[in-house]
Amino acid sequence: MTQIRLRNTKTRKVEEFAPIDPRNVRMYLCGPTVYDRAHLGNARPVVVFDVLYRLLRHVYGADHVTYVRNFTDVDDKINATALARQQAGAPGSLEELIRERTEETIGWYHADMDALGALRPNFEPRATDFIGAMIAMIADLIAKGHAYAKDGHVLFRVRSYENYGALSGRSVDDMIAGARVEVAPFKEDPMDFVLWKPSDAGLPGWDSPWGRGRPGWHIECSAMSYELLGASFDIHAGGIDLQFPHHENEIAQSCCAHPEGHFANYWLHNEMLQVEGKKMSKSLGNFFTVRDLLDQGIPGEVIRFVFLQTHYGKPMDWTAEKATQAEATLRKWRALTDGVTPAAQPAPGVVAALADDLNTAGAMAELHALSADPAVLKASAALLGLLEDGMGDWAKAPDVDLSAHAEALSALRANAMETKDFAPVDALKSALMAAGVEVRMSKAGVELLPGPGFDASRLPPL
RNA sequence: GGCGGGUUGGCGGAGAGGUUACGCAGCGGAUUGCAAAUCCGUGAAGACCGGUUCGAUUCCGGUACCCGCCUCCA
C-alpha cells in the first residue's frame, strides 16, 4: 500500500500518515461562510484538499473515506443582507430571508466548485442544522469548568486549557502583549472567546439556557466534526489564516469537551493566494470570484491546473499568463486523450509525488512524461481531477464543416504549385487564420481545424 | 511588537549533499512553396555573507528583501 506523508502543522514536520481506521479515513475541511459568491482564494483549499480526498480514495478505497466540509450559515453578513432585502420590501420573515440567502449562496458555491472539478464531500453539514449539538457542547463545557455564562454571553475560559496556542506556536501571554484582543466587560480574561452571544429581535436566534441567541464562530466546526466524525479523527484542513484563532479555538473546545479523544491527528493548512504578486483585496481592485473567471471564458479545469502547479504549502500567485499556459497544455493533453479509455492504474510516479505531501507540481511534471501513453496519462490525471470526461467540453473544437474552404485552398495551392505565384494561397490562408482557423498544409494535403479563437462569422466567403 | 512562510535559469516551478528536473519561451535542425502543427537537439539557475563537509543550490547560523497571521477573509 502507498505510504502517504503529510506535513502536520501541529508538529511542523512531514509525518507518515497512519489513519485511525483504514476502513474509514476521516477528514474535515473548514468550508465557506455562505454570505456571497466564493472568491478565488476560497477555491484553493477546495481544490487542494479535493486532490487529497482523491488520493485517500485511491489508497484506501473509494468507500473507505469520509470527507466532511461544512457550510457556516450563521453570520452577521448574512443577517445584514437579509435585513437589507427586507427593508427593500422583500416578502417573508427575517429567518426566511436568511434561509433564502444561504440557499442561493450554497447553490452558487456548488455550481462554482463543480466547475473546478471538485468532488462533493460525503457530508456538507449546515451550522443551522446543528444548533442543538452546539448548545449541548457549550453546556458541557460550562459543566466541566471550561466556559462560563455572563450577561447572555457564554465564553470559553482560555486559561483552563493548558495546551492553548500549541497549534499556532503562541503563548497566551504573548498574545495579550500583542494587545489586539477585544476587551469586553463580560470577559474574565481578554483572551476568552465567545461560544454564544445574545440576539436582539432584529437578529436570528435560537432558544438556549442562556436566553435567545446565536453561536459564536468556532463552535460549529467542533460540534459538527464531533457529530459526524467522532471525538478523534484523522485530518483537519483549511487555509493557513484559520490556524489562529479559528483552529486553535476548535482544538480548545473539542479537547475540553471530549478529553477522551484527541480531535484531529493531522492538521493541514494551505498557504494564501495572491493575484499578480499582490494580496487579493477589494481596495487593490484585484478582487474577483471564481464565477468572474468562469464568465470570462476561463474554464474551471484551467483554474484547477493553475492551482495545482504550486504546492499547497506555498503562496500561490494567480496570473493571466499562467492561465494562458495552462490552457495550452490542457488543450494538448485533451487532444491526446480524447476518446481514450483510461488505464486501470495511474502511473506510480504520479501516485508517489502526491503521496509525498501532495506534491501536485511534481505530479504534473510526471504527467508531462506520459504523453507517449495517453491511457496512463488519463488515468493519472484523474487523481488530480484533470482530463476527466465531462469537464472537457471547453477544449472540444467547434463542430463546423470547413471542407469547402479546405477544397478551395487546396485547389488554389495546386494551381500555385504550377504558376509559382503563391499570393492567392497566402491571402486565403491569412483570411482563414484571422477567423481562428488553424491551417495545416503538408504534401499529404490541406487540413483546416477550428482553433481556440474560432469565429465562424469571420470566415472568408467562398 | 509576537508568530509563521518565502527568495531557484527569460517566465512558471520541483526533487536530490556529489549525476539532465519538468513545462513555456528562446536558439539550432528536420519537415513546409512559406507557415502552422509535430519531431530531434540545445544554451541558461539557485538573494547575500559566513560555517559544517572531500564536495552545498540542497544542512546550520546570520543579513537583506518579500509575504501572511495576530481584525469571525480560505
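Proteins get letters first, then strands, A, B, ... in listed order; numbering begins at 1 in each. Scope of the values below: all heavy atoms of this structure, side chains included, with no hydrogens, waters or symmetry mates.
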Please confirm whether the backbone N or O of [Y] pairs with a side-chain atom of [X], one donor and one acceptor, at under 3.5 Å?
X         : Y         : value
Asp356(A) : Asn359(A) : no
Glu327(A) : Val302(A) : no
Arg304(A) : Leu384(A) : yes
Arg101(A) : Tyr35(A)  : yes

In terms of ring plane angle, is the pair His236(A) and His247(A) parallel, tilted or perpendicular, where the classes change at 30° and 60°?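 Rings of His236(A) and His247(A): perpendicular, over 60°.
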
OP1 or OP2 of G68(B) sitting under 4.0 Å from any side-chain N/O of Lys314(A)?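 For G68(B), neither OP1 nor OP2 has a side-chain N or O of Lys314(A) closer than 4.0 Å.
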
So, is Lys443(A) close to the G33(B) phosphate, meaning a side-chain N or O under 4.0 Å from OP1 or OP2?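 Result: no.
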
Using the side-chain heavy atoms of [X], tell me which of these nucleotides is nearest: [options].
X         : options                : answer
His368(A) : A36(B), C73(B), G23(B) : G23(B)
Lys332(A) : U32(B), C73(B), C24(B) : C24(B)
Pro45(A)  : A37(B), A14(B), A74(B) : A74(B)
Thr33(A)  : A37(B), G33(B), A74(B) : A74(B)
Met441(A) : C73(B), C34(B), G13(B) : C34(B)
Leu242(A) : G13(B), C24(B), A74(B) : A74(B)

Quote, to the nearest angstrom, the C1' distance that separates A44(B) from G26(B).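 10 Å, rounded to whole Å.
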
Quick check: on RNA chain B, is the nucleotide nearest Pro215(A) upstream (toward 5') of the one nearest Glu438(A), or the reverse? Name the residue that is more 5'.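 In this pair, the answer is Glu438(A).
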
With nearest nucleotides of RNA chain B determined for Asn270(A) and Val439(A) from heavy-atom distances, which residue corresponds to the more 5′ nucleotide?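 Comparing both residues, the 5'-ward one is Val439(A).
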
Hey, is the side chain of [X] pairing donor to acceptor with the base of [N] inside 3.5 Å?
X         : N      : value
Asn359(A) : G15(B) : no
Lys429(A) : C34(B) : yes
His39(A)  : A74(B) : yes

Ring-ring centroid check His218(A) Phe193(A), cutoff 6.0 Å: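 Ring-ring flag for His218(A)/Phe193(A): true, centres closer than 6.0 Å.
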
Donor-acceptor side-chain pairing of Asn122(A) and Tyr53(A) below 3.5 angstrom: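 Short answer, yes.
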
Return the value, rounded to whole Å, for the distance between atom CG of Leu367(A) and atom C1' of G12(B).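 Between C1' of G12(B) and CG of Leu367(A): 16 Å.
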
What is the distance from CZ of Arg331(A) to P of U38(B), rounded to the nearest Å?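 Whole-Å distance recorded here is 13 Å.
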
Show me the dot-bracket string of RNA chain B, counting Watson-Crick or G-U pairs under 3.5 Å, with | for pairs to another strand and [ ] for crossing ones. (((((((..(((.....[...))).(((((.......)))))....(((((..]....))))))))))))....

